[in-house]
Amino acid sequence: MNYKHLEQLFKKHKFYDFKWIKARNIVIKQWVRFKCLFMCNTYGTKSVCPPNMPTIKECEKFFLEYTDAAILRVEIETSSDEVSAILHDMDDRLMELEKEVFFLGYYKVMTFPATICYRCEKCSRNINTCNNKELSRPTPEALGVDLFETVKKVGYSIEVLSTNNQKMNRYAILMIE
């Protein structure tokens, strides 16, 4: 794998803060899915959110079919009125990055954004009838990824924010083989 060339592409798409991780070190946990079920107000409202996702066992198997992944980090001021716009821009850049990496011959590339899909005003709630299927991806959490434990494995700092004036770290994952 040509890490240098891929890292140049990351920077081209304005992802300057990233770290490589072995796919086997991505932590998948059932409790993450339970947080979706019991604590997320978008549960069941998006085609790329639980319960419309594969089982945790299927997600574990999926991640093990890859060798490498990149964790891409973006830091955002939580007090900013632009948080949604920043995250949407990040997701758009991720989709462009995924496409470019694919055309380099990494046919298994797949990205998982830092925020839930926003592409349609009203979601069909069914991936089979999604109007933007080529651009819709689940978040890592929707697939059961424990982002806290995973990003700590590569040396990123992550904590629960207690006030609205702290900087927020958002993480996306790019799976690559």
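Keep in mind that this is a model prediction, so the values were computed, not measured.
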Task: Gap separating the CD atom of E121 from the SG atom of C123, nearest 0.5 angstrom - done: 12.0 Å
Open item on the list: Donor-acceptor pair, distance only, cut-off 3.5 Å: does the side chain of T111 make one with the backbone of E98?
Closed with: no
Task: side-chain hydrogen bond (donor to acceptor under 3.5 Å, both in side chains) partners of residues 54-66, not counting sequence neighbours, each pair once - done: T55-E58
- [ ] Could you check if a side-chain atom of D91 sits within less than 4.5 angstrom of a side-chain atom of T115, using non-hydrogen atoms only?
- [x] yes
TODO: Check whether any side-chain heavy atom of E141 sits under 4.5 Å from a side-chain heavy atom of L147, and report yes or no.
DONE: yes
Open item on the list: Can you tell me if K108 has over 12 outside heavy atoms packed within less than 6.0 Å of its NZ?
Closed with: yes
Open item on the list: Which Ile, Leu, Val, Met, Phe, Trp or Tyr residues join V32 in one cluster when any pair of side-chain heavy atoms under 4.5 Å counts as a link?
Closed with: W31
Task: Interatomic spacing from CZ in F38 to OH in Y43 - rounded to 0.5 Å - done: 8.5 Å
Open item on the list: Assess the residue pair K99 and E96 against the criterion (salt bridge (charged side-chain N to carboxylate O under 4.0 Å, His left out)); give the C-alpha distance rounded to whole Å, side-chain angles, the decisive distance to 0.1 Å, and a yes or no.
Closed with: CA-CA 5 Å; K99 184 173 25 174; E96 287 300 314; 3.5 Å; yes
TODO: Starting from the C-alpha separation in whole Å, work towards a yes-or-no answer on side chain to side chain contact (heavy atoms under 4.5 Å, CB included) for N52 and I127.
DONE: CA-CA 8 Å; N52 304 313; I127 197 64; over 6 Å; no
Task: Other residues, nucleotides, ligands: >12 heavy atoms within 6.0 Å of K167 NZ - done: no
TODO: Answer yes or no: is there a donor N or O on one side and an acceptor on the other, between the side chain of R137 and the main chain of E134, under 3.5 Å?
DONE: yes
Open item on the list: Would you say that V74 contacts D17 through its side chain, given a criterion of any heavy-atom pair below 4.5 Å between the two side chains?
Closed with: no
Task: Where P138 and M53 come nearest, the two heavy atoms and their spacing - done: CB-SD, 3.5 Å
Open item on the list: Taking CZ in F34 as the centre, count heavy atoms belonging to other residues, nucleotides or ligands within less than 6.0 Å. Is the count above 12?
Closed with: no
Open item on the list: When you compare the side chain of P50 with that of L37, does any pair of heavy atoms fall below 4.5 Å?
Closed with: no
- [ ] Measure the shortest side-chain to side-chain distance between F63 and L143 over non-hydrogen atoms and say whether it is less than 4.5 angstrom.
- [x] yes
TODO: Answer yes if the side chains of E177 and T67 hold a donor-acceptor pair under 3.5 Å, and no otherwise.
DONE: yes
Task: Student check: side-chain heavy atoms of F15 and L94 closer than 4.5 Å - done: yes
TODO: For side chain to side chain contact (heavy atoms under 4.5 Å, CB included), just list the numbers for W20 and V154, CA-CA rounded to whole Å, side-chain angles, deciding distance to a tenth of an Å, and then say yes or no.
DONE: CA-CA 8 Å; W20 291 100; V154 295; over 6 Å; no
TODO: For R170, check side chain to side chain donor-acceptor pair (under 3.5 Å) against everything at least two apart and list the hits.
DONE: none
Task: Side chain T45, main chain T42, donor-acceptor under 3.5 Å - done: yes
Open item on the list: Using modelled atom types and a 3.5 Å cut-off, is there a donor and acceptor pairing between side-chain atoms of N132 and backbone atoms of L135?
Closed with: no
TODO: Indicate yes or no: does R24 engage D68 in a salt bridge with an N to O separation below 4.0 Å.
DONE: no
TODO: Begin from the C-alpha positions of R119 and M95 and carry the test side chain to side chain contact (heavy atoms under 4.5 Å, CB included) through to its verdict.
DONE: CA-CA 12 Å; R119 302 201 182 269; M95 292 299 104; 3.6 Å; yes
Open item on the list: Please determine whether side chain to side chain contact (heavy atoms under 4.5 Å, CB included) holds for the pair T150 and N25, giving the CA-CA distance in whole Å, both sets of side-chain angles, and the decisive distance to 0.1 Å.
Closed with: CA-CA 7 Å; T150 299; N25 291 327; over 6 Å; no
- [ ] Quick one: closest heavy-atom pair of A69 and I26, and the distance?
- [x] CB-CD1, 3.9 Å
Open item on the list: Contact between D146 and I28 at the side-chain level, heavy atoms closer than 4.5 Å - yes or no?
Closed with: no
Task: Heavy-atom closest pair, residues C117 and S136 - done: SG-OG, 3.5 Å
Open item on the list: Has R93 got a side-chain atom pairing as donor or acceptor with H13's backbone, closer than 3.5 angstrom?
Closed with: yes
TODO: Quick one: pull up NZ in K4 and CG in L9 and give me the separation to the nearest 0.5 Å.
DONE: 14.0 Å
Task: Cluster link I71 to F10, ILVMFWY, side chain under 4.5 Å - done: no
Open item on the list: Per the salt bridge (Lys or Arg N to Asp or Glu O under 4.0 Å) rule, what does the pair list look like for residues 28-46, sequence neighbours excluded?
Closed with: none
Task: Listed partners of K12 passing salt bridge (charged side-chain N to carboxylate O under 4.0 Å, His left out), at least two apart - done: E100
Task: Between OG on residue S47 and CG on residue N131, distance to nearest 0.5 Å - done: 9.0 Å
Task: Joint cluster assignment, F148 & F112, ILVMFWY side-chain distance < 4.5 Å - done: yes
- [ ] Scan for ring pair (Phe, Tyr, Trp, His ring centres under 6.0 Å) pairs involving residues 154-177, sequence neighbours excluded, and state none if there are none.
- [x] Y156-Y171
TODO: Give me the ring orientation class for Y118 and H88: parallel if the planes are under 30° apart, tilted from 30 to 60°, perpendicular past 60°.
DONE: parallel
Open item on the list: Using every non-hydrogen atom in the two residues, find where Y106 and N2 come nearest and quote the distance to one decimal.
Closed with: OH-N, 3.2 Å
Open item on the list: Are I158 and V145 connected into the same hydrophobic cluster when the rule is that any two of I, L, V, M, F, W, Y join if their side-chain heavy atoms are below 4.5 Å apart?
Closed with: yes
TODO: Could you state whether L104 and F102 fall into the same hydrophobic cluster, counting links through intermediate Ile, Leu, Val, Met, Phe, Trp or Tyr residues with side-chain heavy atoms under 4.5 angstrom apart?
DONE: yes
Open item on the list: Could you see if F18 belongs to whatever hydrophobic cluster contains M90? Use Ile, Leu, Val, Met, Phe, Trp, Tyr and a side-chain cutoff under 4.5 Å.
Closed with: yes
Open item on the list: Within the 4.5 Å heavy-atom criterion, are L87 and I76 side-chain neighbours or not?
Closed with: yes
